[in-house]
Structure formats: C-alpha cells, structure tokens
Amino acid sequence: MSEDRREAEGGRRLRDAGEAERREQAVRDAIRRELSSDEPADRPRAEDPGPAPGAVIEMEHISLSFDRPILDDISFLARAGETVVIVGESGTGKSTILKLLLRLLSPDDGRVYIDGQDIAPLSYAEALRVRQKMGMVFQGAALFDSMSVFENVAYPLREHTDLSDDEIEARVREKLQFVDLAPDEVVDKLPSALSGGMRKRVGIARGMASNPRIMLYDEPTSGLDPLTTGVITRLIIKLQRELGVTSVVVSHDIRSAFRMASHIALLYERTITFFGTPEEMAASDDPYIRDFLGGL
Amino acid sequence: MPGILSRVNVAAKKKIFAVQEYVSLSLASLRFIFARPFYAQDVVQQMDAIGVKSLGIVVLTGFFTGMVLALQSSVQLKTFGASQYVGSLVSASMIRELGPVLAGLMVAGRVGSGIAAELGSMKVTEQIDALNTLGTDPIKKLVTPRVLAALIMLPVLTVVSDVVGIIGGNVIAAAYVGIPTEAYFRTVWEQIASGGFTLRYIPNDFIQGLVKPFIFGGIISTVACYYGLATTGGTEGVGLSTTRTVVAASVSILISDYFLTQIMLSVLGT
C-alpha cells in the first residue's frame with residue numbers, strides 16, 4: 001500500500017467513536033481491503049534476507065498500525081514440530097498475529113514466511129491456497145451452525161480434496177476419535193447441541209481434517225472449566241508429539257502455556273519483550289515477567 | 001465550526017466508502033455466478049428458503065390485496081356506471097405495480113431480515129473468518145447463492161401474487177358487484193392486451209411486471225448480504241443489521257419502483 005493511499009485512508013476514519021469500536025472498525029476495513037483486492041500487495045520491499053533455515057513459521061520485523069500502532073517490530077520463528085505460545089494481556093494484538101499468519105491481514109512492514117514462502121505479496125486467490133496448509137482453531141470454535149458435526153469436519157475435505165465419500169467418512173471419524181469424541185454420538189448433532197469443550201474439540205478436528213503441518217490456536221482454553229482446559233491442553237500437546245505439527249498458540253492462560261510450549265513469546269506494549277523456553281521464562285528476573293507469572 | 005465541518009467530512013467519506021463497498025460486493029457476487037466452483041446445493045437450498053417458504057405470505061397478501069382492489073374500485077367505478085371494468089383495474093394494478101412491490105416488500109421483511117441475521121451472526125462468531133481460513137471465498141459461498149436464488153424466485157413469487165390477486169378480485173366482483181367470472185376475466189385480458197405486445201406475443205404488462213421483481217430480488221439479497229457481512233458488535237449488532245436491512249431494502253424497492261416504471265413506460269410505450 002502506497003504512502004498516499006495510507007494518507008487517504010487515514011482521513012475517513014471516525015474520530016468520535018469509542019476507542020475499541022474504532023480499532024475494530026479499522027481492523028475490519030483493513031481485512032476487507034485485503035480481501036477485496038486481487039492485486040498483489042505492492043509496497044517497496046527492502047532486500048530479502050530470506051527465511052531462517054528450518055523455520056516453518058517465521059515473522060520478521062513485522063509492524064502494523066491502524067489508527068495507532070498495533071504491532072511494532074515483531075520477530076519470532078517456529079521450527080518444525082515446535083509449539084510457540086504467544087502470551088500477553090488482553091487487547092495487545094495477539095490475535096492480530098494469527099490474522100497476519102493467515103494473511104487475513106497484511107503487515108505494513110516486515111515479512112511473514114510460511115514454509116519458506118513469503119506470503120505478504122500473494123493475491124487473494126493465492127492466499128486462499130496457502131491457508132490450506134494451516135489449520136486454525138478459533139476462540140469460539142466458529143463451527144458452521146447450519147451444518148452437522150460431520151459436515152463441519154468434512155468441510156475442508158469436500159472443498160479441497162477429491163476424496164470419495166467413504167474416505168471422507170473414515171477421515172472424519174479418525175479425527176473425531178483423535179480429539180476423544182465418540183464419532184457415533186456426535187456426527188449427526190448440530191454445533192448448538194454441544195458443550196463449549198466439545199465444540200472446541202470439534203473445532204480442532206475440523207482444523208486438522210486436511211492433515212495440515214501447521215496449526216494455529218486462538219485462545220484455545222479461554223472460557224473453559226479447569227478440567228476441560230487440561231483436556232484441550234493435552235490435545236494440543238498430542239498433536240505436536242504424535243503428528244509433529246508446528247503450532248502457534250495465542251493465549252493468556254500462562255499455566256497451560258507452560259505445559260505445551262517449546263518457546264514462549266511475551267507480547268508487551270506492541271512488541272515481543274521476551275522469547276525463550278518456559279524454563280528461561282521461569283528463571284527470568286524481569287519485573288514485568290515476574291508480575292505476569294505472579295498468578296502461577 | 002471546523003469541528004462540524006470535519007465531522008461532516010468524515011461522515012460523508014464513511015457513507016461514500018460504504019456505497020463503494022456495497023457496489024463491489026454486489027458486482028463480485030454477480031461475477032461469481034459464472035465462476036467455479038459452483039455451490040449448486042446452496043443455490044437450491046436458498047431457492048427453497050427464499051421462494052418456496054415465502055409462498056404462504058405472498059399468497060395471503062396477494063389474495064387480500066386483489067379483493068380490496070376490487071371492492072374499492074367497484075365503488076368508484078359505479079359512480080361512472082363502469083362497474084364492469086373492475087377486472088381491468090385489478091389486473092393493471094396487480095400485474096404492473098402491486099404484485100411486484102408487495103412480493104418485494106414481503107420478501108424484504110421475511111427473507112432480507114433472515115439473511116442479514118444469519119450472515120451477521122456468522123460474522124460475529126468468526127464463521128466468516130473460518131470460511132476464509134478454510135480456503136473458501138465467503139462471497140462465493142454465501143452471497144452468490146442468495147443473490148442468484150432471489151433473482152430467480154422473486155419473479156416467480158410475483159407471478160403467484162398476480163394470479164392470486166386477480167382471483168381474489170374475481171371473488172369480490174362475483175359476490176358483491178355481480179360481474180360473472182367469464183366477463184371479469186375478459187376485461188382482465190383486454191386490459192393486458194391494451195398495453196401492447198413486444199415481439200408480437202409478449203404483453204408489455206408482463207415485461208414490466210417481471211423486470212421489476214427481478215431487480216427487487218437483486219436489491220433485497222445484496223442489501224441483506226452487505227449489512228449481514230458488515231455486522232460488528234456482537235448480538236446487538238446483528239439486531240441492528242437486521243433492522244437496517246429491512247428499512248433500506250423496503251425504501252429502495254419503493255424508490256426504484258418509481259424510476260423503473262418511468263423508464264419502462266418510456267421504453268415500452270404506454
């Protein structure tokens with residue numbers, strides 16, 4: 001996006017609306033602009049240092065602002081089979097990082113590599129294809145209300161594969177079993193008939209239906225009771241251990257973050273102030289980190 | 001003063017931006033009618049939801065409107081000693097105006113609000129994001145089938161409304177005015193024929209009466225999808241989108257009806 005266009009965009013923003021509403025509106029507009037444009041994002045790009053070797057997911061010096069800066073110089077990477085948990089207070093732009101990884105948003109500056117491919121310059125149609133490499137689990141599961149559990153989990157398979165009905169049926173059952181749901185009991189149910197924890201599990205099953213190598217989770221344990229939180233946490237660990245999936249988890253649940261993370265990234269004031277293993281984090285004497293871990 | 005001016009400026013830009021968004025959504029939804037993949041099953045499902053399930057309300061409103069037209073016009077026509085022309089009046093009013101507009105308003109209220117509420121709640125529960133993430137274009141999957149179904153079904157509903165309305169007029173004409181059914185339908189046909197024909201066999205009244213609902217179908221579905229997808233602010237936002245859809249679609253139908261009439265009268269001749 002050129003400087004001029006950005007200037008013009010700045011003008012139409014509401015001034016008197018509430019802060020939160022304004023930000024939401026800005027994010028929405030930015031997403032819609034991205035979605036409605038078939039043109040590759042065309043902004044001057046500095047020399048390309050390329051992705052780090054071995055990185056499946058990498059963010060390099062990502063900056064993003066709408067009305068005000070949201071993210072500032074974010075860099076982190078996840079190697080194959082690793083789980084990176086991004087923690088931070090609510091409203092610090094954690095979910096925005098997932099939207100950037102899915103290219104529902106495009107950064108103002110910096111690069112996002114998925115499997116070594118820079119995804120920022122992709123057109124909308126190309127971005128749809130890259131997204132198929134990733135399974136996303138939404139905060140509220142975001143299951144399609146009008147479809148049964150079976151149709152929800154089968155959706156990515158019907159959309160993008162030539163699998164026969166029998167193969168799809170087998171795959172759906174396999175995934176539901178993986179997330180510890182009894183296929184016979186749930187396949188015909190509508191999402192509204194499920195509990196929050198079950199919905200989350202169906203969401204995970206749908207995310208992993210097409211066997212993606214990358215999984216993204218937006219607040220996987222928020223709003224769940226401690227017992228279900230443990231179940232979901234164990235599931236994420238199981239995906240990593242048994243299937244070697246690379247994951248990025250956004251969470252403010254520090255307890256489950258410590259259990260599943262290969263690395264923890266702490267987002268504070270728009271940037272990552274700490275990136276390291278859970279042990280390194282526990283050993284840190286940074287006052288903010290100590291405060292943040294205070295609840296542990 | 002500069003405060004007010006800049007506020008007007010911001011508000012105007014926001015409105016223009018919204019119109020631009022609406023137009024680009026509508027064009028994209030029409031373009032996708034001809035682009036793979038086709039979601040035929042969704043189209044059929046929407047034709048059922050928009051068309052078949054609206055039949056009852058359209059039949060009911062059409063029938064009573066036809067009856068009241070006959071009742072009112074018989075009183076007026078009697079003063080001129082022209083009671084036998086009740087059929088002409090009912091058919092002209094129903095086919096040209098009331099059939100399309102009534103069907104349009106009923107569908108705007110029943111279906112437009114439904115579409116806005118459905119897409120709106122999908123938006124606030126991140127289901128639209130989920131579609132994008134699963135590699136599906138939400139416009140293609142959700143908007144295009146609804147627009148296509150409305151474009152097809154609105155003219156069909158209008159024909160039903162016209163027929164039922166004219167029959168309703170017949171009931172009243174026979175019962176209260178004393179016009180035999182045969183004479184009633186003769187005046188109906190004379191009225192249709194008097195409007196002239198295009199390509200020798202297609203009555204101009206039919207063209208007028210079918211182009212309108214086609215356009216109304218496009219208006220209702222695109223307006224509803226636009227407000228639905230633009231929903232923010234949780235369940236409260238869904239309610240707001242629903243209300244806006246019904247108001248905007250109904251007003252647009254009535255306003256565009258005037259201009260469509262004017263255009264078609266000048267194209268087809270009176």
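Below, chains carry the letters A, B, ... as their sequence lines are ordered, and counting in each starts from 1.
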Salt bridge (charged side-chain N to carboxylate O under 4.0 Å, His left out) involving B:Lys212 - partner list, sequence neighbours excluded: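 Only B:Glu97, B:Asp257 meet the salt bridge (charged side-chain N to carboxylate O under 4.0 Å, His left out) criterion with B:Lys212.
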Residue list, salt bridge (charged side-chain N to carboxylate O under 4.0 Å, His left out) with A:Asp253, at least two apart or on another chain: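 For A:Asp253 there are no salt bridge (charged side-chain N to carboxylate O under 4.0 Å, His left out) partners, ignoring immediate neighbours.
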Student check: side-chain heavy atoms of [X] and [Y] closer than 4.5 Å:
{"X": "B:Gln127", "Y": "A:Leu143", "answer": "no"}
{"X": "B:Thr125", "Y": "A:Phe138", "answer": "no"}
{"X": "B:Thr133", "Y": "A:Met134", "answer": "no"}
{"X": "B:Asn132", "Y": "A:Leu128", "answer": "yes"}

Segment of B:Leu131 engaging chain A (4.5 angstrom heavy-atom cut-off):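 Looking at B:Leu131, backbone and side chain both touch chain A.
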For the student: nearest non-hydrogen atoms of B:Ala130 and A:Ala142, plus distance: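 Scanning both residues, the minimum pair turns out to be CB-O, 3.9 Å.
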Atom of A:Tyr124, atom of B:Pro138 and distance for their closest heavy-atom approach: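 Minimum heavy-atom contact is OH-CD, 3.6 Å.
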Interface residues of residues 158-169 of chain A facing chain B - non-hydrogen atoms under 4.5 Å apart: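 Listed by number: A:Glu159, A:His160.
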Positions in residues 205-214 of chain A that reach chain B, provided some heavy atom is under 4.5 Å away: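 Within residues 205-214 of chain A, near chain B: A:Arg206.
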Euclidean distance, B:Ile128 CD1 relative to A:Phe144 CZ, rounded to 0.5 Å: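 If I round to the nearest 0.5 Å, the distance is 8.5 Å.
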Enclosure of B:Tyr22 OH (heavy-atom neighbours >12, cutoff 6.0 Å):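 Yes - once you tally the heavy atoms of other residues, nucleotides and ligands closer than 6.0 Å, there are more than 12.
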Short side-chain to backbone donor-acceptor contact, B:Glu126 and A:Ala141, under 3.5 Å: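 Not at all, since once roles are kept as given, no pair shorter than 3.5 Å links the two residues.
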